[in-house]
Amino acid sequence: MKKQLITSALPCVNGLPHLGHMVGCFLPSDVYARWLRQKGAEVLYICGTDEHGTTSEIAAAKEGVSVEDYCQTYHDLHAKIYKGFNLSFDYFGRSSSDQNKEITYRIFHALDANGFIKEKTTQQVYSPDDGRYLPDSYVIGTCPYCGYDRAKGDQCENCTKVLDPVDLINPKSALSGSTHIEIRETKHLFLELPKLEKELEEWIETKKGIWPDIAYSIAKKWLKEGLQERSITRDLKWGFSVPKEGLEDKVFYVWFDAPIGYIGITKQWADEQPTERSWEDWWLKPEDVTYTEFMGKDNIPFHTISFPATLCGTRENWKQVDFLKGMNYLNFAGGKFSKSAHRGIFADDALTEFPADYWRYWLIANAPETGDSMFSFEHFATTINKDLNDVLGNFINRVLKMTTHHFGAVIPAMGPTTAHETELYQTLDTLVQNYIHLMDRLELRKAMSTLREIWVSGNNYIAKTEPWKVVKTDPAYAGTILATALHLIRLFAELNRPIMPETADKMLAILNLKPEPVWTVKPMSSYLTELPAHSSFNPSDPLFQKISPERVQELKLKYKEVEA
RNA sequence: CGCGGGGUAGAGCAGUCCGGUAGCUUGCCAGGCUCAUAACCUGGAGGUCGUGAGGUUCAAAUCCCACCCCCGCAACCA
């Protein structure tokens, strides 16, 4: 297997992630990274905070701290939350790192040398009282079309007309409220995307039917409309200063250096152990690497057009994305997620309510793969109660209790098997193959539905063999049944591992086992018979707890979920 | 006519590319079991597949056309 490079979209350092962000890129990428590692692949899983841009500058000013301190604080906060969700990044870096600066400059110089960078004079809004240029959306005024008096300079929220800041009547700064607004001419650099359009189109065409529809169709849409020269610099202080004569007081636009951050962060990782790690092995030897990107749909244009074009224009042999897992949005039944309005579930709050594995399972099982999906506490509670408690948790519990009661806390000896076991082996051989196939293809919801079927097959086996009866007449066969069931706990643990790592470890710990670094599927006839007889296990309390209807009501109130 | 996605049992979804008896989960009803977290297993009821007595076809959820409705995005808010 080739080396597996995995990246999750870099979260903006401002603002904390909510469930939509978790399911949009972090959790699916983590599940995939864990899955591939478990299969024995050499994986490098990269993420980090995206720190540049106007928003960081302004937010830092509001908190009265330097932008460097602000970003450090929030970077650490992000890292802590992701750790709480058990995201297994090999490195969680920063787009503002020196390493990223170095790579960004290298790429910029190559693009410039190859004639893909163009200098143009543009008109920008300047606010003398704020002492800075204003992004379009930071200029507010009266919409010339509908008269709405709080229209933003990029678009009127009331009539949805797309605007230019100069169109606004009585424009003022959204920061200071100052009405003293100037239009200044300023030089900026543009990436000449039209020159690369044909190459991009040919490349995207090779992804038809391979990438998720949403990724392919969004890329095609941009190409169909024709690419435009895209500005890669901004009049800001916070960012990488532009290494070109006459432009040193400007910085690169966040969308230029953020995707390059995947590479820069890889170098941060490599620099920690320079003798053993090489970032070039991952990014400049494309034939050795399979690269999978994860992101929400808003990120797709930048990862299918701008970033590939950026790499392509260097004429160096950069690794381009092989598979792009684009996700739709997870919405909240109570309306848009809003931290300030305390509406919706943010990642830090989520962990105070339930263990990470509850969220991980629900979010992956309900991932918005084909369309936007909705989070509601009702649905969450039903899934957790039914799938995790009744089907999986109860299976483990009934097997452990029954075995302990009749045989003590040891794995009973495995005797001759019957048609029941043969049927179980056949069912599971098929289901496990399906599960592997779906996980490999990143069809997460279908994979979870198959995983559930696998758990159900355990309960089904117990129901058919009725060990509580058999033990009275044929204790040896009852031992075989329960030994088989204990083996199932190990199987389930291995299959659960990418999704619910903590639970999987607990399940293995019950059997006094440790996760095997590499798990390879074997025929069930051998996999479900190989644990040594009479080895002890640890009876455990139920692994999951149910969520009561009262608790659901409390949560709905607390997070402002309204009735549908 | 801005762009994209969607409208399939009460709810949440699959099936649509490559037309051929409408599937899954949950909820509901009944039965089995009583080892287990009042859990588990089995069976059943429930859908004119958004609308058009539209087009193509022996056959349409699936292909074509028109229309309606919902969600998201609109390139300096990551």
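Letters A, B, ... mirror the listed sequences (proteins, then strands); counts begin at 1. These figures come from a predicted structure and were not determined experimentally.
- Within the shown strands, C3(B) is the pairing partner of G72(B) under the Watson-Crick or G-U definition, both distances less than 3.5 Å.
- Within 4.0 Å (heavy atoms only), N299(A) reaches at least one base atom of the nucleic acid.
- One atom, CH2 of W468(A), and another, P of C41(B), lie 11 Å apart when rounded to the nearest Å.
- Nucleic acid contact for T403(A): none, since no nucleic acid atom lies under 4.0 Å from a heavy atom of the residue.
- Residue W238(A) comes nearest to V251(A) through the heavy atom pair O-CG2, 3.8 Å, listed as atom of the first residue, atom of the second, then distance.
- Under the Watson-Crick or G-U wobble criterion, with both distances below 3.5 Å, U51(B) is paired with A66(B).
- Residues T54(A) and R234(A) have side chains that never bring a donor and an acceptor to within less than 3.5 angstrom of each other.
- Counting any heavy atom pair closer than 4.0 Å across all strands shown, F302(A) reaches a base atom.
- Base contact: F544(A) has a heavy atom under 4.0 Å from a base atom.
- Atom CD of Q124(A) is surrounded by more than 12 heavy atoms from other residues, nucleotides or ligands within 6.0 Å.
- Between N389(A) and U37(B), a side-chain N or O to OP1/OP2 separation shorter than 4.0 Å is absent.
- Look at CG on D387(A): it is 7 Å from P on U26(B), rounded to the nearest Å.
- Distance check on atom P: C65(B) versus G55(B) gives 15 Å, rounded to whole Å.
- Remark: the separation of the C1' atoms in G19(B) and U56(B) is 11 Å, to the nearest Å.
- Remark on RNA chain B: of its neighbouring residues K469(A) and R452(A), the 5'-side contact belongs to R452(A), judged by nearest-heavy-atom nucleotide.
- Here V456(A) lies in heavy-atom contact (under 4.0 Å) with sugar-phosphate atoms only.
- Rounded to whole Å, the P atom of C17(B) lies 14 Å from the corresponding atom of A60(B).
- The base of C76(B) sits with one of its N or O atoms less than 3.5 Å from a complementary donor or acceptor on the side chain of Q124(A).
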task: Evaluate the criterion side chain to side chain contact (heavy atoms under 4.5 Å, CB included) for residue pair L428(A) and L488(A); output intermediate values, then yes/no.
output: CA-CA 10 Å; L428(A) 283 175; L488(A) 287 178; 3.4 Å; yes

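- Rounded to the nearest 0.5 angstrom, K220(A) NZ and E201(A) CD are separated by 4.5 Å.
- Backbone-only contact: D372(A) has heavy atoms under 4.0 Å from sugar-phosphate atoms and none from a base.
- Within the nucleic acid shown, N460(A) comes within 4.0 Å of sugar-phosphate atoms alone, with no base atom in reach, counting heavy atoms only.
- Residue contacts shown for K297(A) are limited to sugar-phosphate atoms, with no base heavy atom under 4.0 Å away.
- For S373(A), counting side-chain heavy atoms from C-beta on, the closest listed nucleotide (C40(B), G12(B), C13(B)) is C13(B).
- When side chains are defined from C-beta on, T122(A) counts as touching F190(A), because their heavy atoms get closer than 4.5 Å.
- Taking a pair to require two hydrogen-bonding distances under 3.5 Å in either a Watson-Crick or a G-U wobble arrangement, U42(B) pairs with A30(B).
- Using atom C1' as the reference point in both G46(B) and U26(B), the two lie 14 Å apart (nearest Å).
- In this model, the phosphate group of A14(B) is approached by a side-chain N or O of R445(A) to a distance below 4.0 Å at OP1 or OP2.
- Summarising the base pairing, C13(B) is matched to G23(B) through a Watson-Crick or G-U wobble pair whose two defining distances lie under 3.5 Å.
- A donor and an acceptor atom, one from each side chain of T186(A) and D235(A), are located under 3.5 Å apart.
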Could you check H21(A) against H18(A) for ring-ring contact (aromatic ring centres under 6.0 Å, His included), going step by step and ending with a plain yes or no?
CA-CA 5 Å; H21(A) 297 117; H18(A) 53 61; 4.0 Å; yes

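- Residue K546(A) is in base contact, counting any heavy-atom pair closer than 4.0 Å across all strands shown.
- The shortest distance between the side-chain N/O atoms of R234(A) and the OP1/OP2 oxygens of C76(B) is below 4.0 Å.
- Listed pair K401(A) / U37(B) meets the phosphate criterion, a side-chain N or O lying under 4.0 Å from OP1 or OP2.
- Going from the P atom of C69(B) to that of G23(B) covers 33 Å, rounded to whole Å.
- Per the geometry, NZ belonging to K386(A) stands 12 Å off P belonging to A38(B), to the nearest Å.
- Proximity of T370(A) to the phosphate of A14(B): a side-chain N or O atom is located under 4.0 Å from OP1 or OP2.
- Atom NE2 in H406(A) sits about 11 Å away from atom C1' in A36(B), given to the nearest Å.
- With C76(B), C73(B), C35(B) as the choices, the nucleotide that has an atom nearest any side-chain atom of Y329(A) turns out to be C73(B).
- Between the P atoms of A53(B) and U62(B), the separation comes to 16 Å (whole Å).
- Across all strands, L134(A) comes closer than 4.0 Å to no nucleic acid atom at all (heavy-atom distances).
- Look at the C1' atom in both C58(B) and C63(B): the space between them is 16 Å, to the nearest Å.
- No engagement by S449(A) is indicated, since no non-hydrogen atom pair under 4.0 Å with the nucleic acid exists.
- Applying the 3.5 Å distance criterion, the base of U37(B) shares no donor-acceptor pair with the side chain of D390(A).
- P542(A) comes within 4.0 angstrom of a nucleotide base, judged by non-hydrogen atoms across all strands.
- A11(B) and C18(B) have their C1' atoms separated by 32 Å, with the value rounded to a whole Å.
- In this structure, the CE atom of M374(A) is 12 Å from the C1' atom of G6(B), given to the nearest Å.
- A distance of 9.0 Å separates CG of L495(A) from CE of M507(A), quoted to the nearest 0.5 Å.
- Here the nucleotide nearest the side chain of T382(A), chosen from A39(B), A75(B), U26(B), is U26(B).
- Nearest to the side-chain atoms of K446(A) among the listed nucleotides A14(B), C40(B), U37(B) stands A14(B).
- The distance between atom CG of L431(A) and atom C1' of C24(B), rounded to the nearest whole Å, is 14 Å.
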